[in-house]
Amino acid sequence: MNPFKRTLITSALPYANGPVHIGHLAGVYVPADIYARYLRLKGEEVLFIGGSDEHGVPITLKAKKEGTTPQAIVDKYHGMIKDSFQRFGISFDVYSRTSAPVHHETASEFFKVLYDKGEFIEQTSEQFFDQEANQFLADRYITGTCPKCGFEKAYGDQCESCGTSLNATDLINPKSMLSGNVPVMKETKHWYLPLDRYEPWLKEWILEGHKEWKPNVYGQCKSWIDGGLNPRAVTRDLEWGVPVPVEGAEGKVLYVWFDAPIGYISATKELTPDWKKYWKDPETRMLHFIGKDNIVFHCIIFPAMLKAEGSFILPDNVPANEFLNLEGDKISTSRNWAVWLHEYLEEFPGKEDVLKYTLTANAPETKDNDFTWKDFQARNNSELVAILGNFVNRVLVLTNKYYDGVVPAAGALEARDEETLAALLQLRAETEKALDTFHFHEALKSAMEMARLGNKYLADMEPWKVIKSDPERVKSILHICLQITANLSIVFEPFLPYTMEKLRGFLNFGKMGWNELGRRDLLAAGHRVNAPELLFEKIEDEAIQKQVDKLLATKKANELAQATVAPAKPHIEYDDFAKMDIRTGTIIAAEKVAKTKKLLKLTIRTGIDERTVVSGIAESYEPEQVIGQRVSILVNLAPKNLKGIESQGMILMAEDKDGRLIFVAPSGEIGDGAEIR
RNA sequence: GGCGAGGUAGCUCAGUUGGUUAGAGCGCAUGAUUCAUAAUCAUGAGGUCGCGGGAUCAUGCCCCGCCCUCGCUACCA
């Protein structure tokens, strides 16, 4: 039915500047792992690839901040990530890293092939350069005063005080973070991948050829393609990364987005010399499991790279998930708002599968979703413990009690028995259908139906009553219950691998393939099962409260950190201040600037004149609200053209931590044009 | 502002090419039951399917406008 002989599953490479959290797991690794285990169980040829993404500017910055080397940073987090994945039971066939020699070779070679084929454009532009350190500076390497809030240590790409995103050229008094010197502008040459060349092809391949992709994925792609594609730089001026393998490119490395997806290829190479089978044979089906932030790279850019190279296969599907929130707020590494996998593994030992279950049941498949500890507890207690664990326990307790742990032979089956056994095959079909279409939430639900089926059968048959009147009949009932239990050990294998291993131990039963699922004779009469233990244990309120408290503490710490007032700027002379001509004024007209979110066009009576000022306050005020508002206005600021309107001056606003803006205005009776000093 | 994805019971989600009383799980209520980790099983309450128009014999599903959430993007003197 499908023309493919094998499947290559890739999962987004986690960035090695921090540990992995439940957001990564729910969006990428848990679904990818379930799918990989499912295919393996079906006996298909599968390769499941993972690895750490270890290049890029943030890692070099972190290294600098901690006074160590980028390699030390990535060694630390790669080790941590790899270890927690392994303990958690993400069944990678290989977990590699982009700092590995094999990756440097592979990425380098890939670049070289495109370079030799003339697939790049060369372009020269001006960028900041540190003369003392003798290198170009990425935006993150420039620090200076934020033009908006005056925070002195703003980075070239973003001000961490007010959150504004910036260009390095916006900064007042830019300084190099390497030497502290003032950087100069200097020309630099880079290579670009002309994505525009692939537009017609992408249109056909995705928009025509892959209408089955998830709506979120397809929509994003369409948006990008319809919006027109531009050439994208594939190199950067940086020391940390894969060196650009052409002459005259000293001090340049491959840009991370070019480098990282090639990591999938390198990882495959690291695993097997037979890697080409997975990457170059059209009978291989490639799947990229990613989060929604990665859609454009995996659907547009990486395929364009592969296409440009010419000898690689393309992804057949890209099942991207949305984002997972935590207790109502966005997960954030820098704000420590996350449930970290390595901490979970320590605090909930032996409960790896519980987290997998919760994250699958709550997977952000079609929209962002919320993880709460309360929900985690409920899923564990009322589904895993009460439905699945309890059924298994009931069956095994009864078997031990009545038959000393030996599987009884079934007698003549009644209609209800037949129905129940037939339902196993039905549930298998439902689970399969959901898994085949990447509906993991639904798949898990139909697997759980099997345990419900057992509970209901048991409740209706009431063997504990029948045993008194018709002991022969009870043999049939428990025989069937045991077959259901054995089937459970198969159907849950992709989702709850550790637990199913445990269950097979209880049943004294070997691991069976997916194809055996639905059979009514998995356990032979006379087979001896073991004494039951508990499959899952209840999670008490205290354990949950502890986690909630931990998050509350984080929240408090964040608020405190936010409450810290930006430090004072260095002294200036009175003359510096005196240069500023600040006056009282009144807003006499206001309207929204078309096609902007934040801008209002204000007409201000300054006493001197009436003038136009464009101000970024539209998120705090409606135009009608501000008419008549008294203001303080800097009148001798050089005019600046904004969105086609000449802005003559600047309104003084006070801004709180939430970005709310308040007018700084005269507090008593005073006319327009009064000098403020 | 532009583009994309969402907005369905208290919570988490399904709803096929528009077709009779809109579904599931959890939670809640009531009942049954005791083999089982007070677990299970049954029944029930609970929804102007974001809002307003329109096309249709008929729409949660189609068209138009608006509102809200998330992502990408532009703007913040």
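Numbered from 1 within each chain, the chains take letters A, B, ... in sequence-line order.
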### Task
Could you check A/K367 against A/E322 for salt bridge (charged side-chain N to carboxylate O under 4.0 Å, His left out), going step by step and ending with a plain yes or no?
CA-CA 6 Å; A/K367 62 178 177 193; A/E322 301 284 304; over 6 Å; no

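Counting any heavy atom pair closer than 4.0 Å across all strands shown, A/L535 reaches a base atom. Here A/V614 lies in heavy-atom contact (under 4.0 Å) with sugar-phosphate atoms only. Base engagement by A/V385 is indicated by at least one non-hydrogen atom pair under 4.0 Å involving a base atom.
Listed by chain and residue number, A/E462 satisfy the salt bridge (charged side-chain N to carboxylate O under 4.0 Å, His left out) test with A/K465 (two or more places apart in sequence, or in another chain). Considering only residues two or more places apart in sequence or on other chains, A/H441 meets the ring-ring contact (aromatic ring centres under 6.0 Å, His included) condition with none of them. Shown here are the salt bridge (charged side-chain N to carboxylate O under 4.0 Å, His left out) partners of A/E414, two or more places apart in sequence or in another chain: A/R473. By the salt bridge (charged side-chain N to carboxylate O under 4.0 Å, His left out) test, A/E432 pairs with A/R428, sequence neighbours left out. For A/H439, there are no ring-ring contact (aromatic ring centres under 6.0 Å, His included) partners two or more places apart in sequence or in a different chain. Applying the salt bridge (charged side-chain N to carboxylate O under 4.0 Å, His left out) test to A/K351 and every residue at least two apart in sequence or in another chain returns A/E537.
Distance from the side chain of A/W464 is smallest to B/U33 among B/C26, B/U37, B/U33. Looking at the side chain of A/I387, the nearest of the listed nucleotides B/A36, B/C41, B/C70 is B/C41. For A/K330, whose side chain is taken as the heavy atoms from C-beta onward, the closest listed nucleotide among B/G71, B/U37, B/U33 is B/G71.
Following rounding to the nearest Å, A/L444 (CG) and B/A24 (C1') show an atom-to-atom distance of 14 Å. When the C1' atom of B/C41 is taken as reference, atom CZ of A/R394 falls 8 Å away, rounded to whole Å. Remark: C1' of B/C72 and CZ of A/F297 are 11 Å apart, rounded to the nearest angstrom. A/E365 places its CD atom 15 Å from the C1' atom of B/A24, with the value rounded to the nearest Å.
Near-neighbour residues of RNA chain B inside residues 472-488 of chain A, defined by a heavy atom below 4.0 Å, are absent. Looking at residues 447-459 of chain A, you'll see A/R452, A/N455, A/K456, A/A459 sit with a heavy atom under 4.0 Å from some atom of RNA chain B.
Identified under the side chain to side chain donor-acceptor pair (under 3.5 Å) test for residues 388-403 of chain A, with sequence neighbours left out: A/R394-A/N455. Counting only residues at least two apart or in different chains, salt bridge (Lys or Arg N to Asp or Glu O under 4.0 Å) contacts with residues 440-453 of chain A comprise A/E449-A/R452.
Ring geometry for A/F438 against A/F440 counts as tilted: the plane angle lies between 30° and 60°, on a 0 to 90° scale.
Note on A/K292 versus A/D368: salt bridge recorded, some NZ/NE/NH1/NH2 to OD/OE distance being below 4.0 Å.
When the side-chain nitrogen and oxygen atoms of A/K445 are compared with OP1 and OP2 of B/C26, none of them lie within a distance under 4.0 Å.
Checked by atom type and distance alone, the side chain of A/S632 pairs as donor or acceptor with a backbone atom of A/V664 at under 3.5 Å.
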### Summary
Its contact letters, B for base, S for sugar-phosphate only and - for none at protein heavy atoms under 4.0 Å, make nucleotides 3-12 of chain B read SSSSSS---S

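Where pairing requires Watson-Crick or G-U contacts shorter than 3.5 Å, the helical stems of RNA chain B with at least three consecutive pairs are B:1-7 with B:67-73, B:10-13 with B:23-26, B:28-32 with B:40-44, B:50-54 with B:62-66.
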